[in-house]
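A short worksheet on the structure shown next.
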Number of protein chains: 2
Amino acid sequence: MASPSHDSSRLDNTLAVIRTLRDRGPVARVDLGTLNGISSATVTSISAELLHQGLITELPPDTPRPNGRGRPKTLIQLAPEAACVICIKLSINELQLVVGDYAGQMQHSEHHAIDTLALTADELIALLEEKIAEVRSTALASHRRLVGICLAVQGVVSSHSGTLIWSPALRFRNAPLSALLAERFDCPVLLENDANCIASVLAAQPAYAGYPNLVVIMLGYGIGMSVLIDGVPFLGANGSAAEFGHSKYQPGGALCACGKRGCIEAYTSDYALYRAASDVIELPAGDSAHPSEPQMQALTQLALQGHPEAVRIFAEAGRALGYGMANLLALFNPDLVLITGSGVRGFTAMHDAMQDAISEALVTELIGPTRIASCPWDRDMTCLGGIAITLQATDPQLLMGST
Amino acid sequence: MASPSHDSSRLDNTLAVIRTLRDRGPVARVDLGTLNGISSATVTSISAELLHQGLITELPPDTPRPNGRGRPKTLIQLAPEAACVICIKLSINELQLVVGDYAGQMQHSEHHAIDTLALTADELIALLEEKIAEVRSTALASHRRLVGICLAVQGVVSSHSGTLIWSPALRFRNAPLSALLAERFDCPVLLENDANCIASVLAAQPAYAGYPNLVVIMLGYGIGMSVLIDGVPFLGANGSAAEFGHSKYQPGGALCACGKRGCIEAYTSDYALYRAASDVIELPAGDSAHPSEPQMQALTQLALQGHPEAVRIFAEAGRALGYGMANLLALFNPDLVLITGSGVRGFTAMHDAMQDAISEALVTELIGPTRIASCPWDRDMTCLGGIAITLQATDPQLLMGST
DNA sequence: GGTATTTATTTTAGTGTCTAAATTAAATGT
DNA sequence: ACATTTAATTTAGACACTAAAATAAATACC
């Protein structure tokens with residue numbers, strides 16, 4: 001219950017300094033002090049230590065910087081080569097591998113088209129081992145060590161235990177991925193939900209700072225969500241919190257990929273939209289259960305141009321989204337809901353029906369002050385987020401280890 | 001973003017000691033050390049200070065206690081008279097006033113039958129001022145000072161700003177209650193949701209320890225909920241989070257007291273059950289929009305005894321509750337859901353339909369490890385919780401003030 | 001009954017971390 | 001050249017914690 005503090009303040013302050021440097025690039029010692037509420041004497045002491053460990057470097061004093069009167073600031077920055085992490089994004093039919101440096105920047109990225117639904121658990125592990133080993137050997141040429149690996153997976157994961165519980169990209173379930181890879185590569189392997197990775201990146205952006213309760217909804221092949229409370233993803237008991245896509249719109253309603261009926265996802269996801277449309281509209285050929293990006297763009301265009309059936313389908317999707325959102329507002333009362341993911345392409349066509357549904361569902365007192373906004377989709381955000389999360393998680397060990 | 005620690009560890013440790021004493025009664029210094037992970041030298045130092053301030057006392061050494069070998073433990077305990085708090089529970093047609101001592105025990109309790117729905121905001125404030133003033137004068141005869149007042153209200157409150165946003169017990173809205181009373185009585189006035197008060201009490205019970213993500217649902221005239229994450233109520237942006245009663249079961253469904261349709265409350269609350277029943281069953285006379293406890297008990301008896309219409313109505317309520325619960329499981333993934341409130345009297349009659357609805361709504365992966373249990377209803381829990389919350393909130397000032 | 005043993009509490013000595021203030025460093029302005 | 005400004009470092013001191021030693025207060029055993 002109660003569990004107070006020993007003297008962990010040096011570690012806390014060091015981590016805060018590193019985090020500030022990672023979030024904002026080169027910063028001077030004075031500013032590190034004011035930003036983190038510590039004296040510059042302490043910053044001097046901390047940075048001396050980090051300099052000694054090779055985790056940071058001073059920028060050469062001749063670097064162009066805004067000068068005024070007085071002694072110029074000496075900016076310090078994280079040493080990119082001090083460490084690296086590998087992030088693997090696993091989504092339906094695609095594997096993305098990315099190398100991030102100690103400053104959190106993406107150094108290398110590669111995509112592989114994989115028939116993920118055909119893989120067994122063992123085949124997936126073998127594939128991951130192979131790809132990671134390749135990427136690692138090149139990464140280690142320019143970085144001192146590999147401090148962590150992140151698996152960013154669409155679906156339900158138990159971050160704490162490192163077990164993949166269920167993913168729409170895979171046929172098998174309950175696979176303890178982290179443990180096996182951690183042993184093979186001798187470093188921590190984090191298993192993260194893709195939406196949490198994306199949300200972490202968005203939350204760090206200045207535009208979305210100052211929203212302590214942030215909900216991020218990802219529209220796409222499925223519907224993902226992340227709830228950040230003071231910047232920390234809310235995970236729940238076993239990591240399967242924030243499964244917005246499978247919260248209910250209509251008991252006994254449309255069939256969802258999960259096998260149940262009436263989920264928001266069964267109305268608002270790519271496959272749901274395409275399924276509803278292919279009955280009544282002539283659309284590009286292809287796998288209608290797993291519509292491709294061009295297929296979805298064609299459908300979305302129809303809706304945006306006013307095709308009556310397409311308009312109706314997107315409105316119904318928006319209505320389901322709105323009812324789901326009403327539950328979010330009632331239960332989480334967030335400061336901000338951000339809607340992103342590849343499915344934002346059609347958000348304009350859903351927006352009005354969504355707003356109407358929210359007003360229909362909730363009295364104004366319960367809608368509260370929540371701001372709802374959409375946000376352009378950048379496919380690399382997942383891995384950037386995975387890198388940031390992994391570096392932050394492994395920093396304590398890195399600091400302790402090199403003492 | 002980042003905001004690390006100064007040297008607040010003395011305050012933290014002192015608060016932890018006080019909290020342990022409040023939760024567990026008299027404890028020896030050694031045990032305070034091990035329970036809180038601090039050395040007993042530190043406990044000696046902290047308790048010397050608290051003794052000096054008169055906030056704790058040592059128990060006389062002859063007090064009967066389990067003896068073994070070695071020097072006997074000297075138990076210390078909070079001094080009840082060091083301070084007091086007043087907690088007022090405002091619910092429909094009733095006002096309860098309670099005085100709590102510094103050890104968190106209830107010292108005095110009184111109930112007043114009030115036609116709350118007839119009150120204007122000004123009349124409520126006047127009434128509260130009068131009642132609080134009375135109770136305070138007697139409380140101050142035996143306690144050194146009044147450190148805080150707690151208003152535990154059924155409905156939506158903004159704890160941070162001290163504004164009552166909406167309550168089913170009152171006709172007016174958006175009343176800044178805390179500020180006015182705080183000025184009048186010259187002490188902090190906390191505004192809390194009644195469900196959060198109850199949940200805090202339950203979470204402190206040993207039986208429910210070890211559930212970091214705890215959801216408490218209160219069935220009764222309305223439906224309340226509290227989400228505790230590591231023992232702390234989740235409030236959201238303006239305090240109106242956890243409005244489970246107004247999350248949706250059926251778009252366009254039954255009419256709710258809030259004016260919208262399809263809320264869980266419109267199926268599962270006392271008034272909803274009684275409304276559904278009074279159409280088809282002969283029931284005791286009375287205000288069917290605000291059924292009394294005897295009225296509800298009569299109806300519940302019918303369902304438990306197998307009256308077909310009553311059974312059907314409770315099953316439908318259970319189904320709505322189950323669908324709502326499914327959303328909770330998907331979105332919060334709690335370790336434990338506790339169902340309490342006066343409405344637990346009918347929980348047995350809802351249980352099976354609730355479980356069926358959950359299975360119908362969610363795949364097992366998303367139901368996860370959550371345990372669902374009911375818990376007997378004790379009407380005094382609200383004020384006990386309000387006292388505990390208020391003491392905990394005001395302890396820092398009390399410590400700083402008397403330095 | 002006296003002494004050893006056990007356990008609780010307090011005292012002592014020492015460490016780590018922080019800050020304010022003083023000092024040093026490195027620029028610009030006049 | 002020298003005053004001014006701002007940054008970074010050094011110094012001196014305060015606080016809080018812990019481990020270990022000392023003290024206190026009981027029981028156990030002979």
Side-chain angles (χ1 to χ4, degrees), chain A residues 2-17 20-21 26-52 56-77 399-400 403, chain B residues 2-17 20-21 26-52 56-77 399-400 403:
Chain A
S3 67
S5 49
H6 280 243
D7 219 348
S8 61
S9 61
R10 186 50 173 270
L11 181 59
D12 287 352
N13 288 338
T14 308
L15 290 171
V17 164
T20 307
L21 290 172
V27 182
R29 282 168 244 249
V30 230
D31 300 325
L32 286 170
T34 47
L35 284 168
N36 291 299
I38 50 182
S39 73
S40 60
T42 303
V43 178
T44 294
S45 158
I46 287 171
S47 54
E49 175 84 22
L50 292 174
L51 228 28
H52 174 74
I56 61 171
T57 51
E58 284 188 344
L59 280 181
D62 53 274
T63 305
R65 52 199 135 79
N67 267 340
R69 292 259 245 144
R71 177 174 174 174
K73 305 182 177 196
T74 357
L75 302 179
I76 58 186
Q77 69 182 150
L399 289 171
M400 313 283 251
T403 303
Chain B
S3 66
S5 51
H6 280 243
D7 217 348
S8 60
S9 60
R10 186 51 172 270
L11 181 59
D12 287 352
N13 288 338
T14 307
L15 290 171
V17 163
T20 306
L21 291 172
V27 182
R29 282 168 245 249
V30 230
D31 301 324
L32 286 170
T34 47
L35 284 168
N36 292 298
I38 51 183
S39 72
S40 60
T42 303
V43 178
T44 294
S45 157
I46 287 172
S47 54
E49 175 84 22
L50 291 174
L51 228 29
H52 174 74
I56 62 172
T57 51
E58 284 188 345
L59 279 181
D62 52 273
T63 305
R65 54 196 135 80
N67 267 340
R69 293 259 247 147
R71 176 175 177 174
K73 303 183 179 198
T74 356
L75 302 179
I76 56 185
Q77 69 182 151
L399 289 170
M400 312 283 251
T403 303

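Letters go in sequence order (proteins before strands), and every chain restarts at 1.
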*asked:* Distance check needed: D:dT10 P versus A:I46 CD1, whole Å only.
replied: 15 Å
*Under-4.0 Å side-chain N/O to phosphate OP1/OP2 contact, A:T42 with C:dT19*: yes
_To check you understand the geometry: which heavy-atom pair defines the closest contact between B:L32 and B:I38, and what is its length?_
O-CG1, 4.4 Å
_Please enumerate all residues that pass side-chain hydrogen bond (donor to acceptor under 3.5 Å, both in side chains) together with B:T14, with sequence neighbours excluded._
none
*Whole angstrom value for the distance that separates C1' of D:dC17 from CG of B:N36*: 15 Å
*Under 4.0 Å between a side-chain N or O of B:S40 and OP1 or OP2 of C:dA8?*
no
*On DNA chain D, nearest-nucleotide positions of A:A28 versus B:S39: which is more 5'?*
A:A28
*Does a nitrogen or oxygen in the side chain of B:N13 sit under 4.0 Å from OP1 or OP2 of D:dC17?*
yes
With 3.5 Å as the limit, what N/O pairs link the protein to nucleotides 28-30 of chain D?
| from | atom 1 | to | atom 2 | distance (Å) |
| --- | --- | --- | --- | --- |
| D:dA28 | O4' | B:R69 | NH1 | 3.3 |

*Partners of A:S40 by side-chain hydrogen bond (donor to acceptor under 3.5 Å, both in side chains), sequence neighbours excluded?*
none
_How many whole angstroms separate atom CD1 of B:I38 from atom C1' of C:dT9?_
14 Å
*In whole Å, what is the span from the CG atom of A:L15 to the P atom of C:dT17?*
13 Å
_Heavy-atom nearest nucleotide on DNA chain C for B:R29 versus B:R71: which residue maps closer to 5'?_
B:R71
*A:I76 CD1 to D:dA7 P, straight-line distance once rounded to whole Å*: 14 Å
*Choosing from D:dC17, C:dA26, C:dT17, which nucleotide comes nearest the side chain of B:R10?*
D:dC17
*Going by the salt bridge (charged side-chain N to carboxylate O under 4.0 Å, His left out) test, which pairs reach into residues 26-38 of chain B, not counting sequence neighbours?*
B:R29-B:E58, B:D31-B:K73
*Relative to the 5' end of DNA chain D, which residue comes earlier, A:S47 or B:G70, by the nucleotide with the nearest heavy atom?*
A:S47
*Please tell me which of the listed nucleotides, D:dA25, D:dC17, C:dT17, lies nearest to the side chain of B:S9?*
D:dC17
*Contacts of type side-chain hydrogen bond (donor to acceptor under 3.5 Å, both in side chains), residue A:T34, not counting sequence neighbours*: none
*Listed by chain and number, what are the side-chain hydrogen bond (donor to acceptor under 3.5 Å, both in side chains) partners of B:S45, not counting sequence neighbours?*
B:R10
_Between C:dC18 (C1') and A:E49 (CD): distance, integer Å_ = 16 Å
*asked:* OP1 or OP2 of C:dT9 versus the side-chain N and O atoms of B:T74: is any pair under 4.0 Å?
replied: yes
_Distance check needed: D:dA8 C1' versus A:K73 NZ, whole Å only._
12 Å
_Value in whole Å for how far the C1' atom of D:dC17 lies from CG of B:D12_ = 13 Å
_What I'd like to find out is whether the side chain of B:Q77 reaches to under 4.5 Å of the side chain of B:T57, using heavy atoms alone._
yes
